[in-house]
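Single-structure report; data block below.
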Amino acid sequence: MSTDVRSPSFAACCGAILGLGIGVVRPRRADARFLTSLTDAGLPKATVTVSVSALRQVPRAVPTAFIVEGRRHPRRIENSLASFVVSHPAATFIVDPGVCVNVGERAVAQLPPVLRASVRPGADVVPTVAALAEQGYAGADLDFALPTHAHWDHVCGLLDLPGVPVYLHRTEREWVTTGSVAPVGGVRDSLEERATVDYDLDGPPVLTFARSHDLFDDGSVVLVDLPGHTPGSVGVLLHTSTGHVLLAGDAAWHTYQVEDIRQKSSYPGGLADVDRDEAFRSLHRLHAVKDRIAVIPTHDPEAAKRLASPSSLVP
Ligand SMILES: [Zn+2]
């Protein structure tokens with residue numbers, strides 16, 4: 001799950017909660033014309049493979065109606081605050097370091113009250129720094145961190161990882177640092193006074209995604225454009241020995257959304273997505289390639305299990 005930015009207005013909150021009820025019975029319909037208009041530019045040519053694993057996290061069961069619009073079964077699905085470690089021959093890095101120690105006080109307490117209840121992690125949530133230690137990593141072992149976007153639950157683990165540089169999409173950095181509304185929940189605290197490398201999506205289309213950035217210039221880690229949830233959201237396309245994996249951030253909160261082209265539920269999704277129309281288009285782009293690559297939404301622990309079973313990655 002993720003959260004936003006501003007303190008939502010009373011009207012916005014009421015609208016989101018009203019929309020939740022409407023969405024259960026009348027979900028937004030997929031745009032068949034847009035779907036058929038998408039062209040597939042193909043996968044990047046990769047000369048190097050990487051490995052990727054999910055760090056341990058404790059999922060919590062949440063009502064499906066709060067995640068996927070129009071989906072009634074099963075009644076509850078699991079949601080977690082996952083992070084991933086990627087090993088490239090030239091670097092080891094973490095994607096979405098999302099949980100700091102004392103996350104309730106240091107991050108969630110900054111969020112608007114209307115959102116706190118729906119996103120508050122359980123008491124047994126595993127801080128990113130602890131999950132890294134379980135796998136034998138200290139902060140010094142990481143060459144950098146790569147958030148898919150700058151919501152609190154994708155960056156606040158950095159609070160316990162001082163000195164780890166951050167790679168951030170320039171569009172996202174500008175949103176965080178100079179936008180009229182700023183993400184809250186420890187986001188600026190996580191990024192301030194930290195070495196950062198801004199990148200642009202200056203590369204060609206990849207699959208159905210309009211722009212890309214090849215991080216190592218070898219096709220193994222390619223960042224692709226997934227706007228809508230936040231202005232600069234990206235997916236991390238990884239070339240593994242058993243197939244391509246796309247860490248999709250919060251472009252979808254659950255695989256059901258990708259399979260069925262169902263947007264996030266109005267509450268809290270309507271308060272979390274910066275641009276619902278753009279986010280819905282990004283969801284179409286994911287749907288169009290779901291049979292070619294393994295799409296792993298950050299908060300979908302069932303999807304992340306595929307990383308531990310490499311044979312299940314091959315579509
Ligand atoms: Zn988010």
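Only this structure's heavy atoms are used, side chains among them; waters, hydrogens and symmetry mates stay out. Both ligands and their constituent atoms are indexed starting at 1 by order of listing.
- Using a 30° and 60° split on the angle between ring planes, Trp175 and His151 fall in the perpendicular class, above 60°.
- Of all N/O/S atoms in Asp250, OD2 sits nearest the Zn ion (ligand 1).
- Between Tyr199 and His213, the ring planes are parallel. Angles under 30° get that label, and only those over 60° would be called perpendicular.
- Annotation: angle subtended at the Zn ion (ligand 1) by His229 NE2 and His149 NE2 is 100°, to 10°.
- Of the options Cys156, Pro121, Pro301, a side-chain contact (heavy atoms from CB on, under 4.5 Å) to Leu81 is made by Pro121 and by none of the others.
- Residue contact annotation: His151 places an N/O/S atom under 2.8 Å from the Zn ion (ligand 1).
- Side chain of Asp273 to backbone of Asp275: no donor-acceptor contact under 3.5 angstrom is found.
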